Amino acid sequence: MADTHSNSTNDSSENPAISLDFIRQRVTDDVAAGKHGARVQTRFPPEPNGYLHIGHAKAICLNFGLAAEFGGKCNLRMDDTNPLAEDTEYVESIKADVQWLGFQWDGPVYYASDYFPALYEMAEKLILAGQAYVCSLNVEQVRQYRGSWNSPGRNSPDRDRPISENLELFRRMKAGEFPDGSYTLRAKIDMAAPNMNLRDPALYRIRHAHHHRTGDQWCIYPTYDFAHGQSDSLEGITHSICTLEFEDHRPLYDWFLEQLGIHRPQQIEFARLNLTNTVMSKRRLLELVKQGLVAGWSDPRMPTICGLRRRGYTPQALRQFCAAIGVTKFNSTTPMARLEEALRHDLNETAGRVMAVLEPLKVVIENIPADQVELRTAANHPAKPEFGTREIPFGREIYIERSDFMENAPKSFFRLQPGGEVRLRFAYVIKCHEVKKDPDTGEIVELRCTYDPETAGGKTSDGRKIKGTIHWVSAAHAVDAEVRLYENLLLVESLAEVEDGEDWKNQLNPASLRVLRGCKLESSLRQARVGQSFQFERNGYFCLDSEDSTAQALVFNRSVSLREAADKSA
RNA sequence: UGCCUGGUGGUGUAAUGGUAGCACAGCAGAUUUUGAUUCUGCUUGUCUAGGUUCGAAUCCUAGCCGGGUAACCA
């Protein structure tokens, strides 16, 4: 997929830091020591059972970034050892998301399933070496035999099965002679090991299931532990980076490679990303999608890569964010505001400015004839002349934001009020002298104003100060559109605050999506393309919705609001 | 309760025995035709207790607190 964001990039903040994080430090040391022939090869190994999210982006930036910085390579490998959960739909989305983020894997996409034959051979090798056996215990029995943290486990009654019998049974498992769950192949390590992962872990289980790539070729599938390290090894990975929960698996990862006598990558664990006010677990994300609580994986409220993309996040902003949060082993939580700030930082530099009125209030400028239209020149970026200018029509009837007018305004309010003046951005100063209301509801329906012809461009001829400047759109030229405003998905910062037994979905923010219809946009927005970001002046950064917008019915998403001064009135 | 692992301002993250810095947030001010941006300044921190050392966030000991971990998930 192409980088659909046409705005120019600004990756200056992605320059290599002066200080290295602990992983980069370690890789630096390894290279200096000539380990693995001073070669650096990483991999990003997602399981294709869901869509990638911002947490994966951290891992992607780390793995691909590391490879790039050390002149190495990074593979993309689908960790597809569980046919029950995986699907090609996910494979395709993962590839698209990685590329959109701006990374390209080395060579073809790899699959753990490509190694099923090799893995099978390794399993037989372990059986022959007396280090693996076929066990007939069921799930419940295995749990009981495993013991607990305080008590050692007991050996399986099948632990001392003769090698020849193990081999025969394993081959029959492969041949499909047994039903699911009837046998497993287990490593023979130590049922009293303090590390539970070493208490004879399962290597293979029987699953008469259709695999998204190997079809019905196999009915036994390797477990994560048996597949991951060896896959790394087969690909010549030097540094196998994963998240903290795999720390306890490292001894097992190393054990397999040592027993098999094959290339030994170094597993290094880092803390996964936690973000406030959102959900990140695949299970919960899937729950939102399945229950229709969001409009699919790409709902702009989702922390998925495709959701963020549709929301208007740029690859640059995401990469900058990942670089800024750093890599450690400390279990931290990053405020959502930090992510939003990364987007603003990028878009402030790259997004062209336009005017759009989200909640329109009609203003009639009485001293302009009905048929008069004047073109005003507007800068496309206040600080970047190279963005050029555009002509915007100005006439008798315009729309301004309802919130930019107040009848009984406090002193701190410096936009439009009865008898007061305000500057129309790029146009003239207007003065309000009449407020028209709906006789029944009392709602303000129209403002009658006059403009000062001596204030072309907004500068007064007599030197009087005009404090407020508001945006506006010519009523005769405005384009109607739907605009979607987004807020945090969750009301609470963390789901840890949810009490046991309570449905976490009670914490979903009812205001996470607010749809505004009949918004009045500057006509240039008709030419907006998917992937292009704009700043609607004073309102925030917006982009065309990639799924629901049509030429007849434009739909814009607010990517992120502008920062607002704390004391802003009204 | 075992094992693994971590603890630096409000939130993150540097300092690799030698001035505790940076970012985000917050506060105050300047500039501003976006209450944006930009710029300036400020507040707030080494989990605790001992020890080693001329000198400790860093090394040692003990404690305290947090996270992970007992799928035929990954």
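Below, read A as the first sequence line, B as the second, and so on, with proteins coming before strands; counting in each chain starts at 1. Source: prediction; values computed, not measured.
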Could you tell me how the ring of [X] sits relative to the ring of [Y]: parallel (under 30°), tilted (30 to 60°) or perpendicular (over 60°)?
X         : Y         : answer
Trp297(A) : Tyr51(A)  : parallel
Tyr115(A) : Tyr110(A) : parallel
Phe536(A) : Phe542(A) : parallel

Could you check Phe256(A), Tyr204(A), Phe246(A) and say which one makes a ring-ring contact (aromatic ring centres under 6.0 Å, His included) with Tyr224(A)?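 The option that passes is Phe246(A).
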
For the aromatic rings, using the six-membered ring if either is Trp, is the centroid distance between Tyr221(A) and Tyr120(A) under 6.0 Å?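 Tyr221(A) vs Tyr120(A): aromatic centres not under 6.0 Å.
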
May I ask you to check whether Phe116(A) and His211(A) place their ring centers less than 6.0 Å from one another?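 Here the rings of His211(A) and Phe116(A) have centres that are less than 6.0 Å from each other.
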
In dot-bracket, 5' to 3', how would RNA chain B read with Watson-Crick or G-U wobble pairs under 3.5 Å, [ ] for crossing ones and | for pairs to another strand? .((((((..((((....[..)))).(((((.......)))))....(((((..]....))))))))))).....

Please determine whether any donor N or O and acceptor N or O are separated by less than 3.5 Å between the side chain of Arg563(A) and the base of rG35(B).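 Check fails, no donor-acceptor contact within cut-off.
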
Per the atom types in the model, does the base of rU34(B) pair as donor or acceptor with the side chain of Arg353(A) at under 3.5 Å?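 Indeed, a donor on one side and an acceptor on the other fall under 3.5 Å apart.
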
How would you label the contact of Tyr221(A) with the nucleic acid (heavy atoms, under 4.0 Å): base, sugar-phosphate, or nothing?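 No contact at all - Tyr221(A) keeps every heavy atom at 4.0 Å or more from the nucleic acid.
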
Run the salt bridge (charged side-chain N to carboxylate O under 4.0 Å, His left out) test against Glu421(A) and tell me which residues pass, sequence neighbours left out.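 Residues passing salt bridge (charged side-chain N to carboxylate O under 4.0 Å, His left out) with Glu421(A): Arg464(A).
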
Rounding to the closest angstrom, what is the interatomic distance between [N] and [M] at atom [atom1]?
N       : M       : atom1 : value
rC3(B)  : rU58(B) : P     : 25 Å
rA28(B) : rC65(B) : P     : 39 Å
rU31(B) : rA25(B) : P     : 23 Å

Please write out the pairs of protein N or O atoms and N or O atoms of nucleotides 7-9 of chain B separated by less than 3.5 Å, giving the distance to one decimal.
none

When you compare the protein's N or O atoms with those of nucleotides 44-46 of chain B, which come within less than 3.5 Å of each other, and at what distance?
none

Nearest whole Å is fine: how far is [N] [atom2] from [X] [atom1]?
X         : N       : atom1 : atom2 : result
Arg423(A) : rU34(B) : CZ    : P     : 7 Å
Lys384(A) : rA36(B) : NZ    : P     : 19 Å
Phe270(A) : rU13(B) : CZ    : P     : 13 Å
Arg415(A) : rG35(B) : CZ    : P     : 8 Å
Arg338(A) : rC22(B) : CZ    : P     : 14 Å

Readout for nucleotides 14-19 of chain B: B = base within 4.0 Å of protein heavy atom, S = sugar-phosphate only, - = neither; 5' to 3' it is SSB---

For nucleotides 64-74 of chain B, just jot down a letter per nucleotide in 5' to 3' order: B, S or -, based on protein non-hydrogen atoms under 4.0 Å. ---SBBBSBSB

Go through Tyr428(A) and Glu374(A) one step at a time and tell me if the side-chain hydrogen bond (donor to acceptor under 3.5 Å, both in side chains) criterion holds. CA-CA 11 Å; Tyr428(A) 296 88; Glu374(A) 178 185 348; 2.6 Å; yes

Taking only side-chain N and O atoms of Thr469(A), does any of them lie within less than 4.0 angstrom of OP1 or OP2 on rG35(B)?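 Checking Thr469(A) against rG35(B): no side-chain N or O falls below 4.0 Å of OP1 or OP2.
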
Mind telling me if rA14(B) is syn or anti? Syn here is a glycosidic angle within 90° of 0.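 rA14(B): anti.
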
